[in-house]
Amino acid sequence: MATEFHNLQELRHSASLANKVFIQRDYTDGTVCKFQTKFPSELDSRIERTLFEDTVKTLNTYYAEAEKIGGQSYIEGCLACLTVYLIFLCIETRYEKVLKKISRYIQEQNEKVYAPRGLLITDPIERGMRVIEISVYEDRGSSGSSSGSSTTSSSGR
Amino acid sequence: MKNREYQQIDPQALATPTPTPPPRSLPEHKPRRARRKWEVFPGKNRFYCDGRIIVARQSGVLPLTLGLILLTSGLFFIFDCPFLVKHLTSCIPAIGGVLFVFVIISLLQTSFTDPGILPRATPEEAADIEKQIDNPTGSSSSYRPPPRTKEVVINQQVVKLKYCFTCKIFRPPRTSHCSLCDNCVERFDHHCPWVGNCVGKRNYRFFYTFIVSLSFLTAFIFGCVTTHLALRSQGGNGLVNALQSSPASALELVVCFFSVWSILGLSGFHTYLVAANLTTNEDIKGSWSGKSGNEDVGNPYSYNSMIKNCCSVLCGPMPPSLIDRRGFVPSDDSVQTSPVEIELPAAKNDINMEKDCLDFALSCAS
């Protein structure tokens, strides 16, 4: 059912975008950045539940680490206050360092797990940290019936 | 059988789709240079230095604020400091200088920093949200549907998330839409005309530093000018003569006297807000004070410790700007996907041939 793709390049050239699935934010812990781990039904036939949940949980852990209020953030904050926040123009904050780690992680996940299953994750920072956008690709060679059935199943929810 | 369908429809139109997409895309891309995202930003903001600096469309009274501070401080350093250095100590201009630098830099940072603007939803996101909301009167597009809300429980408190019709998103908690800037701003405090920008999550600490250092500066100048005039009038000349010999001091006295009360009051108010982890918006609306009669209401974002609240608001990690002003607008992927859409109707079975013809004609015309 899931078409085998070899790598990201082949995915973009030989596949067509069928659908986009959005994982929304989970606000039960307040305003911290956290995404819902609920498995969307559109991905039921495309990827195993555990793999998807692992990815979202790891992303949530990274964001929690970036926003953690602890020793290092206090030092950074106090130093910034003393220099009238001019230090933000010179050094890379901890948040920015973690964001780079996140984008490397997403790239790695796309290459190893998601592209072979015809899926692609967009970094949440490109969507204003509101959603994790997962693009679902269909192989161009396959008939349109499989994409048609996925759209009817989502509208029938 | 499928090939026969193509010939019945129009072999000319069918022969053209596959070769046309590349030449069709070229004329669109050739004259267009790569644009930065700030150039196509939908909100009412102005950008300078190729997107590095962001301000609200109406700069409000920022020039007045800057002018008053520069004028008063300038007069202080030129007319009062020489006398005070001679008669008291040279620490006075040093302290004044440090405070002045703090005030100006934090003011500029408050005005020119992105306050925490949330970018608007992409069309696919907006469509996805629309699908999830039940709209019984879906046929009438002119009638604006009732406000959509979503409820979420934060820290045993029910919080309502409202849908923003302009940005097409459900606003995260503590986010509000500023009508002056036409943007949703995270942890929206207020739109300050004195700094000419919204005060939100990313620039609240700059704003707080600004008002606290400004209150110290105005109090310091007020005290120094009073001391200056007192010392001058002690020489047996009287206050009137002292004022005549240093008229600039009179002006500084007036400006500082009127501003010190309001600035000190504002600093005190914001210190209370920081200690309680509240925003001006929430305080004014009485969201957590139980004004609506509900006794069970409390601030779900507060850590219930003043020190921890202060630390989290002022010393917390600095979140990144979400609007990516200097990034480049991506070249449209939709141009590449449209030729595939032309092929899909042809792959369907031959029952709705007329519908296929219409779809096909429309996609060729687009």
Side-chain angles (χ1 to χ4, degrees), chain A residues 12-13 15-22 24-31 33 65-70 72-81 83-89 93-96 98-99 122 124-131 133 135 138 140 142-145 147-148 154-155 157, chain B residues 101-102 104-106 109 113 117-122 124-125 127-129 131-132 150 152-155 159 161 169-170 172-175 186-187 201 205-206 209 213 300-301 303 308 311-312 314-320 322-324 327 333 336-337 339-341 343-349:
Chain A
R12 290 208 174 99
H13 289 304
S16 68
L17 187 62
N19 196 10
K20 281 189 182 182
V21 180
F22 296 98
Q24 299 287 341
R25 283 271 293 269
D26 177 11
Y27 293 115
T28 51
D29 281 343
T31 50
C33 186
E65 182 198 328
E67 297 188 6
K68 194 173 72 144
I69 305 168
Q72 200 189 346
S73 76
Y74 289 154
I75 293 171
E76 212 176 62
C78 290
L79 194 66
C81 189
T83 60
V84 208
Y85 306 107
L86 288 172
I87 208 161
F88 287 144
L89 300 168
T93 63
R94 193 169 60 124
Y95 210 118
E96 286 165 356
V98 178
L99 284 178
T122 307
I125 192 81
E126 291 175 31
R127 296 288 176 262
M129 308 265 263
R130 289 187 307 263
V131 286
E133 185 182 291
S135 311
E138 293 286 342
R140 272 188 199 172
S142 70
S143 63
S145 58
S147 63
S154 59
S155 61
R157 261 188 313 117
Chain B
V101 162
F102 260 71
I104 292 293
I105 294 180
S106 48
Q109 283 177 332
T113 306
I117 297 174
L118 275 178
R120 298 192 184 180
T122 55
E124 295 97 2
E125 259 181 81
D128 188 63
I129 293 179
K131 263 197 307 192
Q132 288 170 21
K150 208 159 64 163
V152 73
V153 178
I154 299 174
N155 221 348
V159 176
L161 304 183
I169 53 169
F170 273 101
R174 310 191 98 173
T175 303
E186 282 192 293
R187 204 185 182 278
K201 184 159 123 180
R205 64 191 75 193
F206 305 145
T209 310
S213 51
Y301 314 106
Y303 293 97
K308 198 147 187 220
C311 289
S312 78
L314 300 173
C315 294
M318 184 69 179
L322 299 174
I323 55 176
D324 188 25
D333 288 331
Q336 288 180 345
T337 54
V340 182
E341 286 166 8
E343 289 177 359
L344 281 176
K348 283 180 189 160
N349 54 25

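As the structure is a computational prediction, the values presented were derived from the model and not from experiment. Just so it is clear: chains get the letters A, B, ... in the order the sequence lines come, proteins before strands, and each one is counted from 1.
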Between Ile169(B) and chain A, with a heavy-atom cut-off of 4.5 Å, which part of the residue counts as in contact: side chain, backbone, both or neither? side chain

With a 4.5 angstrom heavy-atom cut-off, which part of Thr28(A) approaches chain B: side chain, backbone, both or neither? both

Contact origin within Phe102(B) toward chain A - heavy atom pairs under 4.5 Å: both

Pick one of side chain, backbone, both or neither for Leu79(A), based on which atoms fall under 4.5 Å of a heavy atom in chain B. neither

One pair to check against side-chain contact (heavy atoms from CB on, under 4.5 Å): Phe170(B) and Tyr27(A). What are the steps and the verdict? CA-CA 12 Å; Phe170(B) 273 101; Tyr27(A) 293 115; over 6 Å; no

Pairwise side-chain contact, Leu314(B) with Cys81(A), heavy-atom cut-off 4.5 Å (strictly under): no

Hey, are the side chains of Gln24(A) and Asp128(B) touching, using non-hydrogen atoms and a 4.5 Å cut-off? yes

For chain B, the option from Arg127(A), Glu96(A), Lys68(A), Arg94(A) that forms the most heavy-atom pairs under 4.5 Å: Arg127(A)

Closest heavy-atom pair, Gly128(A) versus Leu118(B), reported as atoms and distance to 0.1 Å, is O-CD2, 3.9 Å

Pick one of side chain, backbone, both or neither for Arg120(B), based on which atoms fall under 4.5 Å of a heavy atom in chain A. backbone

Any Glu124(B) side-chain heavy atom under 4.5 Å of Phe22(A) side chain: yes

Can you confirm whether Glu125(B) sits close enough to Val131(A) that some side-chain heavy atom of one is under 4.5 Å from a side-chain heavy atom of the other? yes

Yes or no on side-chain contact (heavy atoms from CB on, under 4.5 Å) for Asp29(A) and Ile154(B), after CA distance, side-chain angles and deciding distance? CA-CA 6 Å; Asp29(A) 281 343; Ile154(B) 299 174; over 6 Å; no

Chain A heavy atoms under 4.5 Å from Val153(B): which part of the residue, side chain, backbone, both or neither? backbone

Do Thr113(B) and Phe88(A) have side chains that get closer than 4.5 Å, going by heavy atoms? no

Residue Ala66(A) versus chain B: region with a heavy atom under 4.5 Å: backbone

